[in-house]
Every structure is written in structure tokens, then in C-alpha cells.
Protein chains: 2
Amino acid sequence: MSVQATAIKPGSARKSPPPKPYHHGDLRREILCAARTLLEENNIASLSLRAVAKKVGVSHTAPYRHFKDKESLLAGVAAIGFAEIGSQIARAVEMHPGDPAAQLQEAGQRYVQLVMDNPQCVQLMFGGILPCDDTYPDLRAAGDLAFERLKMIIEEGQSSAVFKQDDVELLAMTAWSCIHGLSVLFIHGSLDIAASTTLEIHTFTKAVTATLLNGIGTG
Amino acid sequence: MSVQATAIKPGSARKSPPPKPYHHGDLRREILCAARTLLEENNIASLSLRAVAKKVGVSHTAPYRHFKDKESLLAGVAAIGFAEIGSQIARAVEMHPGDPAAQLQEAGQRYVQLVMDNPQCVQLMFGGILPCDDTYPDLRAAGDLAFERLKMIIEEGQSSAVFKQDDVELLAMTAWSCIHGLSVLFIHGSLDIAASTTLEIHTFTKAVTATLLNGIGTG
DNA sequence: ACCTGAACACCGTTCAAGT
DNA sequence: ACCTGAACACCGTTCAAGT
């Protein structure tokens, strides 16, 4: 039943069976994955490095071979989160070529869904636990990329005169604020909406996005 | 040099010098205050109950007389935060009587300022560490009150036909999302704005609020 | 009633040691 | 190179005991 079926590539059997360093193929990825899971299962305050190590089946000091410290591991998880936001925006763009208003609408829906699915990760990404500066370049880069994708939607909208000719950063920031704020208030349960269905959340998001589009639109 | 100057109130010296229960007048408030300070000095992950107790000058188990556990103490701090949001909104209303658009603008500015001044507390309030349900009634009540104040602005705007006749909760939620999201992105340092002056932040906030007002305004 | 000190199980991190 | 186990200082929480 082992996955280690060790299919021997003919002709390559000369030197060594694949390195298999001690226990794991790539412990780094496994640690990140386990951390992500444990993070969402509880909350950020109660995520422990030792628990992550145990889940992976490795001694509690092993993660230190791959991450400088706990914060560095958290930064890795957060970077994955930003990468996913970037991917979702890219997908939204693909779905509605030539229609920036629809792209923004779609991206908003996907953003909210992502936050609802990974609330604790979002908390980690935006919560002020991780430093904002360039301590973790990968984290910074992933965040910047997501924001660039959003700005491209805005720029396309300005080119086709659907969005007003304002500062791009300003409009992008406005859009992100609106959707991000909405998502955060959702997971916080500020309204009784927390208990409501996904459908209602989508309806709500659509309404908010409409208002946003109304605000940044031309005329 | 002791503060314990013990000025004896003439005529009241009969029974007892003021109760002075062991050490502190009201340890509960002192603990909340110390927790708030320590929270902002570091971050939420590294706030420890023992450090709070030490700062107050009391044994590390003393807080358990006033709070069921650490989470309960955090809930107390968060409730103070929500109360302050409510106060700021109320002040914004007072400043611009009869002008709901200006009230919303003013409340937005004050909200952003409050978040900038207490980023870690905001993280605590909205971060998903505290449960959303009715575990902490005071916390819930403080949050609800702040939201009610915001809704009153919206309703006044609808009465005087400056805001469109949409669902009140929807418009209020849209406004809060927009401002809250902006604040969070500010403290996250998503843009290079993090390093910029308070003035620029105010300008930015004004622009976003204008877009918001444009979105929720009448025709 | 209010506070203390010892005790317990847990945590992050370091380091010498093993393969 | 990669992983382990012992060790350290810290943490949240409980509990018998003190005033």
C-alpha cells in the first residue's frame, strides 16, 4: 500500500535509489502544508511549531532546518495565501476578456470566497503579526503581484473609459479596501450574516461591488 | 517619593482608611489597561498574561480573580476598542449636525486614525481569535452599538434624500467595509503609503470616502 | 474576597550529538 | 546535509494555602 512503489527507471538504477534524505521527499513543503491545515483548524494564537512537527511525523526541531524560526514559517504560509489571491484575480480576468467591470465583479466574488475558506490565513496575512517591511522578500513579492494584477484591471477599465481617469493606485486601493473590508466583516460575523448561506453572501458581495463600480465608474 | 501620601480626609478617619483591598483600587481596570499597552508595544502573538501581571505588579495568578482566562481578558480589551469606535462615530455626528455626508466623511477619518493608533487592538477585534458568538456579551454589545451609530447616519441620509433608498444594513455594511478595509491595508503596509505622512493618509481617506459617497449617493 | 507560590503540561529555541 | 534528544527559559492554568 506504500506510495514508495519505487518504480525503477531502467538504466538509472546504477548509483542510488532516489536520494530519500532520511524521511521525507521535501519536508519544507510538508511543513508548510501541515501548518496551513492546523492554522485553519484552530486559530493563529494556538498554532504551535511543535504541533506542526508532530503532524508531519518529525522531531520538533526538524523544522529549523528549513525555517529560521516560527515567524519565518508563518511568512511562508502567508506568501502562499497571497499567491492564491493573485491566481484568483488572474482567473477572473481570463473569464471575462475585454470586460473590466465584470472582471472586478468576478475577482471580488473570488476574493470573498477565498477569505471565507481561509479566515485564519487571512488573519495571518493582514494581522500585523508579520513585519510589513522587506524581511520576507517572497511574502512581499507575492503581495505585490496580487496588487499589480488588480491594477491591470483598473487600467484596462480606464483605457476603455468604463472607469474614471483617477490615479490608478487610488482606484485599485479603493476597490481592494471595499472587498477586503467586506470579507473581514463577514468572517468576523459583525452581522448575523455570519450564519447565513453562501448564496446570501454572494448576493451581498454583488451589491457592494455594484456600489463600488458605481463609485469608480464614469459619469 | 511614594504616591501613598495618604492624605487623611478630616472627619472621615473614624472607620477605615479606604478599603484598599490588598494592593489595588481596581485591579480589573489596571489589568485591562496594562494589557492594552503591552498589546500595542509588541503584537498579539507575544502578549502574555504573566507579563501583564508583572507590569501591574501582581502575582501571575491574580488576574484569574477578574478574568476567567486569557481569552476573556482579550475580549475585555477588544470591547474597549469597539466602545471607542462608537464614541468616535458619535463625535463625528455631533460635529456635523444635519449633514450626513459630512458625518460619514468625518467618521471615516476618525476610524482610520483610531486604527492607525491601535493596530494590534484592531487585529484582536477583527482577527478571529475571539469567538463571534455571544460568548462575551459586552464585546458583542459594544460592537453592535458602533454599528447602530453608523446605521443612524445612513438613515438620516436617506431621510434627507442624500443617500439612495437601499437596504440600510447593506449601505452601512458597504460604508464600513470600505473604511475598515482601507484602514487594514494601511496598517498592513500594502502600499508604500505605510511610510508616508498622516497628511497623505488623510488625503487618501478623503478620496476613498468621496468614491464611497458617490457610490451610495442619489443619482 | 482577594492574592500567593508551587506544580503541571506545554511552548520556542539552542546545541551537542548522531547518521 | 539532515535529523534527534536533552536542556533552558518561558507560557497558561489549577490548586492548596495564606490574609
Side-chain angles (χ1 to χ4, degrees), chain A residues 4 15-35 37-39 41-78 120 124 129-131 135-136, chain B residues 4 15-35 37-39 41-78 120 124 129-131 135-136:
Chain A
Q4 295 283 61
K15 255 290 161 63
S16 53
K20 192 194 171 194
Y22 238 72
H23 271 126
H24 294 84
D26 51 6
L27 184 54
R28 189 174 198 282
R29 193 191 314 274
E30 271 191 81
I31 288 172
L32 281 171
C33 184
T37 306
L38 287 178
L39 176 64
E41 280 175 7
N42 300 278
N43 67 53
I44 207 170
S46 54
L47 175 70
S48 91
L49 207 52
R50 288 168 107 111
V52 172
K54 184 191 273 187
K55 187 178 172 73
V56 174
V58 94
S59 96
H60 67 271
T61 58
Y64 285 89
R65 285 298 119 198
H66 301 275
F67 301 95
K68 185 184 153 269
D69 48 15
K70 187 184 181 183
E71 190 181 86
S72 179
L73 165 59
L74 292 178
V77 174
Q120 294 298 326
L124 170 64
I129 285 165
L130 267 18
T135 315
Y136 304 104
Chain B
Q4 294 285 56
K15 256 287 163 64
S16 52
K20 191 194 171 196
Y22 237 72
H23 271 127
H24 295 83
D26 52 6
L27 185 52
R28 189 174 197 282
R29 193 192 315 275
E30 272 191 80
I31 289 172
L32 281 171
C33 184
T37 307
L38 286 179
L39 176 65
E41 279 174 8
N42 299 278
N43 67 52
I44 207 169
S46 54
L47 175 70
S48 91
L49 208 53
R50 288 168 106 111
V52 172
K54 184 191 273 189
K55 186 178 174 72
V56 174
V58 96
S59 96
H60 67 270
T61 57
Y64 284 89
R65 285 297 121 196
H66 300 275
F67 301 96
K68 186 183 152 267
D69 50 16
K70 186 184 182 183
E71 190 181 87
S72 179
L73 165 59
L74 293 178
V77 175
Q120 295 297 326
L124 170 63
I129 284 165
L130 267 18
T135 314
Y136 304 104

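Please read these numbers as outputs of a predicted model, since none were measured by experiment. These values consider heavy atoms only, across backbone and side chains, with no hydrogens, waters or symmetry-generated copies. Each chain gets a letter, A, B and so on, in the order the sequences are listed, and its residues count up from 1.
Distance B:L27 CG to C:dA1 P: 17 Å, rounded to the nearest Å. Note: CG (A:L73) to P (C:dT13) measures 10 Å, nearest angstrom. Atom NZ of B:K54 is separated from atom C1' of D:dC11 by 12 Å (rounded to the nearest Å). Here D:dG12 presents its P atom at 12 Å from CG of B:L38, a figure rounded to the nearest Å. Taking atom CG on A:D26 and atom P on D:dC3, their separation rounds to 11 Å, with Å as the unit.
Out of D:dC3, D:dC15, D:dG12, the shortest distance to the side chain of B:K70 is found at D:dG12. With C:dG5, C:dC3, D:dG12 as the candidates, the nucleotide lying closest to the side chain of B:V58 is C:dC3. For B:R65, counting side-chain heavy atoms from C-beta on, the closest listed nucleotide (D:dT4, D:dT14, C:dC2) is C:dC2. You'll find that the side chain of B:H60 is closest to C:dA6, out of C:dC3, C:dT4, C:dA6.
Taking CZ from A:R50 and NZ from A:K70, the interatomic distance works out to 11.5 Å, rounded to the nearest 0.5 Å.
Taking all atoms of both residues into account, the shortest heavy-atom contact from A:A62 to A:H66 is O-CD2, 4.1 Å. Heavy atoms only, all atoms of each residue included: B:L47 and B:A35 are closest at CD1-O, 4.1 Å. Of all non-hydrogen atoms in B:A78 and B:L124, the two that sit nearest each other are N-CD2, 4.0 Å. Closest approach of A:S59 and A:A53 over heavy atoms only: O-CB, 3.5 Å. Taking every heavy atom of both residues into account, B:Q120 and B:N42 meet most closely at CG-O, 3.6 Å. Between B:I129 and B:E71 the shortest heavy-atom distance is O-OE2, 3.9 Å.
OP1 and OP2 of C:dC2 both lie 4.0 Å or more from every side-chain N or O belonging to B:H66. Close to C:dT13, at under 4.0 Å from its OP1 or OP2, lies a side-chain N or O of A:Y64.
A donor-acceptor pair is defined here as one N or O able to donate and one able to accept, closer than 3.5 Å; no such pair exists between the side chain of A:D26 and the backbone of A:R28.
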Nucleotide-level pairing of DNA chain D, given in dot-bracket where Watson-Crick and G-U pairs need both distances under 3.5 Å and | marks other strands: ||.|||||...|||||.||
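Put simply, the residue from B:L130, B:L49, B:L39 that forms a side-chain contact (heavy atoms from CB on, under 4.5 Å) with B:L74 is B:L130.
Remark: A:L47, A:S48, A:L49, A:R50 in residues 42-51 of chain A come within less than 4.0 Å of DNA chain C through at least one heavy atom.
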